[in-house]
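Quick notes on the structure that follows.
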Amino acid sequence: MAATPKQLTKTRNLGIIAHIDAGKTTVTERVLFYSGRVHKMGEVHNGEATMDWMVEERERGITITSAVTSCMWRGFTINIIDTPGHVDFTIEVERSLRVLDGAIGVFCAVGGVEPQSETVWHQADRYKVPKIAFINKLDRVGADFFRAVDMIRDRLGATPLLLQFPWGQEDAFQGIIDILKMKAIVWEEDMFGAQYTEIPIPDTLMEEAVRHRELLLETVAEKDDAIMEKYLAEEEIPLPELKTAIRKATIHLQLVPIYCGAALKNKGIQPLLDGIVDFLPAPVDVPPVEGKHPVSGELEARPPKAKGPFAALAFKVSMDQGRKMTYIRVYSGTIKAGGPVYNPAKNVKEKAARLLKMHSNKRERIDEASAGDIVAAMGLKLTTTGDTLCAEDKPILLETIQFNEPVISVAVEPKRVQDHEKLIDSLNKLSDEDPTFKFRIDEDTGQTLISGMGELHLEIIMGRLRREFSLDTNQGKPQVVYRETITSPVVHREEFKRELAGQQHFAGLTIEVSPLPRGSGNRFENRCDHPELTAEFTGAIQQGIDEAWAGGSIMGYPVTDVHTALLEVDIKETSDVMAFRAASNMAFRGAFQKADPILLEPIMHMEVLTPEAFTGEVIADLNTRQGKIGQIAARGAVQVVTANVPLSKMFGYSTALRSASQGRATFSMQFSHYDQA
């Protein structure tokens, strides 16, 4: 059955985002247990979490791939995507946020806002995803709820709205003070936290609760005129009215409601579920998805209606026992199992042979899916991540998903020579699944090079080749993926004159290449106003330059941050598309060599958390790795050292850091920018 408007208002599509080890998967497990979706709580540390179903996830105790599930709470359908927290797998977060309506940011009460939490939060901001925050691990030594709230305000630029604060912290954590209802909540220890009781706020905390309640009303009044009137008139504000105002401000990204608890100790999850239902948007609360008409290029919108024209986005591809499974978010209309769909980006018709409602790696066959649903489809052979699926008579191209480029490469070869084709086939399947994983065969050496976002990323790929494809491989040392650029502007003229198969081909052109600021990417500009320069010739010239950008003249690495301008062309009777493509390629290569080219290497931004006693050793080690220290700041009992370090110097850093700090320091790093090697 297609979703009715009423059912759409009772749907929530949300993701759980956070830094690695903040407790996302544990929170998801509790949500599934208390909503009755699972009857046994799986623990990450035991390798039994429902959402971490891959063998590698269970062995390492981390989330690697985003998993989709759904549950019911208070008559609402909640579709949840649990995303990874490790920087090597940010593509999983990126593509999940692209299709979600809301998000829960989980923060560790000890670590507060950590680097990866910042990255994923800003990813969510970019897609204008409303968020609520859950401050977890309040039972841990060093937990500081109010410091975590301040960090959300300072580091993320958000306006936190305290709806709760903890009753005690660390080993004295007993429960939660609910500021909205002005009640204390305590959980029954022996019932896996399934039973909880609302009791009056203890006298010792009453003054603090009143102060926070006043602050809450003041913050909401600033965002809502009706609340402001009642607040200034000192009238009682009814709870439903207050909730409506908070919901509106949350959906408009003006406020972030704050919840708290200790997921591992089964405390704080049911109020969080209430918060999801009360404050996060339904598909009808967010602006209709927009896209372009594939032919006219005009902007079109698709409101979330089950009876509207079909439009969906394929946001993830995964291989299931050798068969391709495509996860799609339906924005408008309805898709039926076995029915036709159109992929405008590739201009092909596809058929969704089967539709599946997913619960992690378990599935349930369904006949149809409509606006607001997140489902998996089997049988879409040519559709890849970021492709739009729509009705052929009402085509639309939705905004695709942005992917980061790989920064690290490793040479691999099968242990048995006869497995070479099998290796290429397996790598093809893995790169279909993960757009940040690439592979190529080096023309000079004949080696197969695989590239990814970090050492862990490639380690996981090697593990999957062994487990899922029964392929034993040898691998070389990790290599950094460099870039090439230029440092000075150059004007260069090139002519292409050839006789091929008895026919003359001619093209002449003059181009100017000039350096752009770091991180700008490449740009092509046509400054030529020759009357005979057709769109076809211009397209061929740009194509030739695009091909030349793929490999510079120093070591054949991709070219970046170069502006190429077409100044003049020579056109004769023998000029054709092929000649212009070849001439522009030669022109760029010639200009590039004259323009003082240099190598650029990836620079990583890193944050090391270390006990004060080891700060000196950590800094000394970073200096030997040519690191530029940004700042050293105290965060509770630990020192936080931030630095920019070349990736080429970071191999094996985790071992070095463990020995320098007796295993007590931790670090996280993410790609920052390219700079001169």
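- Residues passing the side-chain contact (heavy atoms from CB on, under 4.5 Å) test with E607 are P115, R155, L609, R635, V640, T642, S668, sequence neighbours excluded.
- Under the 3.5 Å distance criterion, the side-chain polar atoms of N266 are left unmatched by any main-chain donor or acceptor of R30.
- Here the CD atom belonging to E433 is positioned 5.5 Å from the OG atom belonging to S318, to the nearest 0.5 angstrom.
- At distances below 3.5 Å, at least one donor-acceptor pair connects side-chain atoms of R12 with backbone N or O atoms of L280.
- The two residues Q164 and C260 make their nearest non-hydrogen contact at OE1-N, 2.9 Å.
- Judged as a salt bridge (Lys or Arg N to Asp or Glu O under 4.0 Å), the pairs with a partner in residues 192-208 (not counting sequence neighbours) are, in order, K181-E198.
- In this structure, the side-chain contact (heavy atoms from CB on, under 4.5 Å) partners of D154, at least two apart in sequence or on a different chain, are D150.
- The shortest side-chain heavy-atom distance between L622 and I619 does not fall under the 4.5 Å cut-off.
- Qualifying side-chain contact (heavy atoms from CB on, under 4.5 Å) partners for A660, counting only residues two or more places apart in sequence or in other chains: E617.
- For N136 (side chain) and A263 (main-chain N/O), a donor-acceptor pair under 3.5 Å exists by modelled atom type.
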Go through it in stages, so that I can follow the logic: the residues are I152 and I135, the test is side chain to side chain contact (heavy atoms under 4.5 Å, CB included), and I'd like the CA-CA distance, side-chain angles, deciding distance and then a yes or no.
CA-CA 10 Å; I152 290 172; I135 295 172; 4.3 Å; yes
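- Within the structure, ring pair (Phe, Tyr, Trp, His ring centres under 6.0 Å) pairs that include any residue of residues 99-118 comprise F107-W121 (at least two apart or interchain).
- Taking each heavy atom of I227 and L242 in turn, the nearest pair found is CD1-CA, 4.2 Å.
- Listed by first and then second residue, the salt bridge (Lys or Arg N to Asp or Glu O under 4.0 Å) pairs that reach into residues 262-281 are R74-D274, R74-D278, D139-K265, E189-K267, K243-D278, sequence neighbours excluded.
- When all heavy atoms of A109 and K137 are compared, the pair lying nearest together is CB-O, 3.8 Å.
- E188 places no side-chain N or O within 3.5 Å of a backbone atom of A194 that could act as its donor or acceptor partner.
- Contact annotation: the side chain of I104 never approaches that of V27 to less than 4.5 Å [non-hydrogen atoms, C-beta and beyond].
- Judged as a side chain to side chain donor-acceptor pair (under 3.5 Å), and not counting sequence neighbours, Q169 has no contacts.
- Counting only residues at least two apart or on different chains, the side chain to side chain donor-acceptor pair (under 3.5 Å) pairs with a member in residues 246-261 are R247-D285.
- Taking all atoms of both residues into account, the shortest heavy-atom contact from V129 to L97 is CG2-O, 3.8 Å.
- Residues satisfying the salt bridge (Lys or Arg N to Asp or Glu O under 4.0 Å) criterion with K230, sequence neighbours excluded, are E241.
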If you apply the rule side chain to side chain contact (heavy atoms under 4.5 Å, CB included), what do you find for F279 with L255, and how did you get there?
CA-CA 10 Å; F279 304 124; L255 296 174; over 6 Å; no
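- No donor-acceptor pair under 3.5 Å is formed between the side chain of R153 and the backbone N or O of A158.
- For Y196, the ring-ring contact (aromatic ring centres under 6.0 Å, His included) partners two or more places apart in sequence, or in a different chain, are W187.
- A 4.5 Å side-chain heavy-atom check between V220 and Y231 finds every atom pair outside the cut-off.
- Residues passing the side-chain contact (heavy atoms from CB on, under 4.5 Å) test with A376 are M325, Y327, L356, M358, sequence neighbours excluded.
- Checking side-chain atoms of S117 against main-chain N and O of V113 turns up no donor-acceptor pair under 3.5 Å.
- Side chain of R329 to backbone of I374: no donor-acceptor contact under 3.5 angstrom is found.
- Counting only residues at least two apart or on different chains, the ring pair (Phe, Tyr, Trp, His ring centres under 6.0 Å) pairs with a member in residues 129-168 are F146-H212, F165-H212.
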